[in-house]
Amino acid sequence: MEKITSLAKRRGFVFQSSEIYGGQNGAWDYGPMGIELKNRIAQTWWKEMTQLHDDIVGLDAAILMHPRTWEASGHVENFTDPLVDCKKCKARFRADQIPEENLAAKKCPECGGELTDTRKFNLMFKTHIGPAEDSASIIYLRPETAQGIYVNYKNIIQSNRMKIPFGIAQIGKAFRNEIVTKNFIFRTCEFEQMEMQFFVKPGTDEEWFGEWRKRRWAYYEKLGVKMDHLRWHQHGPGELAHYAKDAYDIEYLFPMGWRELEGVHNRSDYDLTRHTQFSGKDLQYIDQDSSAERYIPYIIETSAGLTRNVLMILCDAYDEEQVADKGNDDDWRTVLRFHPSLAPVTVAVLPLMKKDGLAELAQDIRKELKEDFATDYDQGGAIGRRYRRQDEAGTPFCVTIDYESKDNGSVTLRFRDSMEQVRVNRAELAARLRKEIKEYKRDLNVRVVRG
Ligand code: GAP
């Protein structure tokens with residue numbers, strides 16, 4: 001994880017928030033490469049969920065919601081972590097994350113000092129709206145995007161004439177006052193979620209739950225993620241969230257071990273029943289195709305962390321490969337093997353030399369490619385070193401302009417993963433790149449990590 005954190009900073013993926021003031025715990029800033037990667041992950045998920053599903057539409061609800069929302073959702077009462085403090089060293093722990101024997105003996109796992117009693121700590125950030133800071137002005141930063149979907153479900157049925165089964169997708173910020181925020185961007189206080197709520201007829205929920213589990217697994221397969229680094233974890237009775245009838249996590253093998261990446265939840269009719277009770281509005285669905293039958297739909301939720309997906313994609317793409325050419329056994333390159341559709345830069349244009357009109361020609365070719373691809377341009381230093389720089393940034397293709405390019409209009413296309421180089425006509429370059437992106441298949445056998 002240290003290597004990934006340091007690469008992320010060095011190459012402008014992720015910076016510590018407010019670094020010049022010593023940093024802000026639980027918050028991170030996405031630099032020029034990071035925002036591109038995050039946006040592409042979000043776009044890929046959005047396309048998968050909306051464009052490729054006729055029965056799913058999008059939404060962008062506000063972060064600030066009526067405070068009653070969070071009473072109805074159960075978050076005011078139940079969205080808590082158990083917290084203990086050490087009276088001696090003042091360390092703070094989640095009671096469910098320290099050894100049971102320490103908890104039973106009230107003994108600090110770090111210094112052996114006495115622990116306080118366990119108390120419940122609500123994870124929602126509270127603030128005030130308006131000039132008065134009293135109990136009537138309390139408002140919360142949303143801890144999940146899901147509730148914005150539930151309170152809009154009737155609006156969307158009416159405005160977009162949706163029929164059950166159908167889904168609503170949303171990407172947006174969520175906030176949680178997390179007690180433990182380590183492991184880089186894995187668990188943060190400010191993060192982004194990509195959530196989809198699928199509304200189904202009661203009795204069909206288990207079938208849809210199975211279906212969405214299959215679809216979400218297939219999504220990661222399509223992204224080219226190492227599938228042996230993914231597994232399912234079903235929540236036991238003690239783990240289930242207050243709203244869940246059944247829940248499975250997709251876990252990824254991060255450098256610190258297996259951790260949750262995404263949750264697929266059968267939320268039953270819990271949320272819409274509670275919003276009916278708290279708002280006094282009738283949230284039943286009227287099935288016009290079935291003699292106006294009325295019911296509260298069940299909800300199958302797929303909930304992925306966008307920022308956690310960024311970390312997963314960085315970890316999954318990270319490779320150190322022994323190049324070992326020309327008898328030099330200790331020649332290694334660091335390479336991020338992003339899927340080309342996720343890479344922050346798709347193609348880098350590199351003139352072999354600055355002189356003799358090569359730089360101008362390269363700029364001209366870049367200008368042409370820019371319309372369709374995210375490009376970079378680099379004319380400084382030896383070509384081998386420039387390739388390595390692009391490898392480390394995860395750029396899947398480099399186009400090199402040399403003297404032959406001037407003579408016959410051909411360029412060298414170099415592939416990040418295989419380091420193979422082919423000659424392509426300038427006129428065919430864009431089409432060739434499009435084909436390579438579409439047909440890209442990651443070769444997982446090339447992976448060699450330095451011990
Ligand atoms: N609406 C359901 C829900 O929010 P969750 O399991 O609490 O369920 C869903 O969160 C996903 O959101 C997680 O699988 C994870 O990817 C992401 N997530 C949750 N808390 C996070 C945090 N503090 N920092 C980063 N990502 C987080």
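Whatever order the structure lists ligands and atoms in, that order sets their numbers, starting from 1.
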Q: Have a look at ligand 1 and work out which part of Phe79, if any, has a heavy atom under 4.0 Å from it: side chain, backbone, both or neither.
A: neither
(Q) Which residues pass the side-chain contact (heavy atoms from CB on, under 4.5 Å) test with Asn155, not counting sequence neighbours? (A) Asn152
Q) Got the closest protein heavy atom to atom 6 (O) of ligand 1, with its distance? A) Glu260 OE2, 3.0 Å
Q: Check whether any heavy atom of Glu192 sits under 4.0 Å from an atom of ligand 1.
A: no
Q. Which heavy atom of the protein is the closest neighbour of atom 26 (N) of ligand 1, given with residue, atom name and distance?
A. Phe191 CD1, 3.4 Å
Q. Which protein non-hydrogen atom lies closest to atom 17 (C) of ligand 1, naming both residue and atom, and how far is it?
A. Gly305 CA, 3.6 Å
Q: For atom 10 (O) of ligand 1, find the nearest protein heavy atom and state the residue, atom name and distance (0.1 Å precision).
A: Gln193 NE2, 3.5 Å
Q: List the closest protein heavy-atom neighbour of atom 19 (C) of ligand 1: residue, atom name, distance to the nearest 0.1 Å.
A: Arg176 NH1, 3.4 Å
Q: Identify, for atom 9 (C) of ligand 1, the protein heavy atom at the shortest distance, and state residue, atom and that distance.
A: Ser303 OG, 3.0 Å
Q | Nearest-neighbour protein heavy atom for atom 24 (N) of ligand 1, which is reported as residue plus atom name and distance | A | Thr188 N, 3.0 Å
Q | Aromatic ring pairing His275/Tyr150, orientation class (parallel under 30°, perpendicular over 60°, tilted between) | A | tilted
**Q.** Lys/Arg N to Asp/Glu carboxylate O, Asp378 vs Arg389, below 4.0 Å
**A.** yes
Q: Looking only at non-hydrogen atoms, find the nearest pair between Thr69 and Met65 and report the distance.
A: CG2-CE, 3.6 Å
Q: Say whether Arg267 and ligand 1 are in contact under the criterion: heavy-atom distance to a ligand atom below 4.0 Å.
A: yes
Q. Do the charged groups of Arg187 and Glu260 touch, with an N to O distance under 4.0 Å?
A. no
Q. Is Met194 touching ligand 1 with its side chain, its backbone, both, or neither, if touching means heavy atoms under 4.0 Å apart?
A. neither
Q | Top protein contact for atom 25 (C) of ligand 1, by heavy-atom distance | A | Phe186 O, 3.2 Å
Q | Any Tyr252 heavy atom less than 4.0 Å to ligand 1 | A | no
Q: Examine Pro143 against ligand 1 and note whether any of their N/O atoms are separated by less than 3.5 Å.
A: no
Q. Aromatic rings Trp212 and His53: how do their planes relate, parallel, tilted or perpendicular, breaks at 30° and 60°?
A. tilted
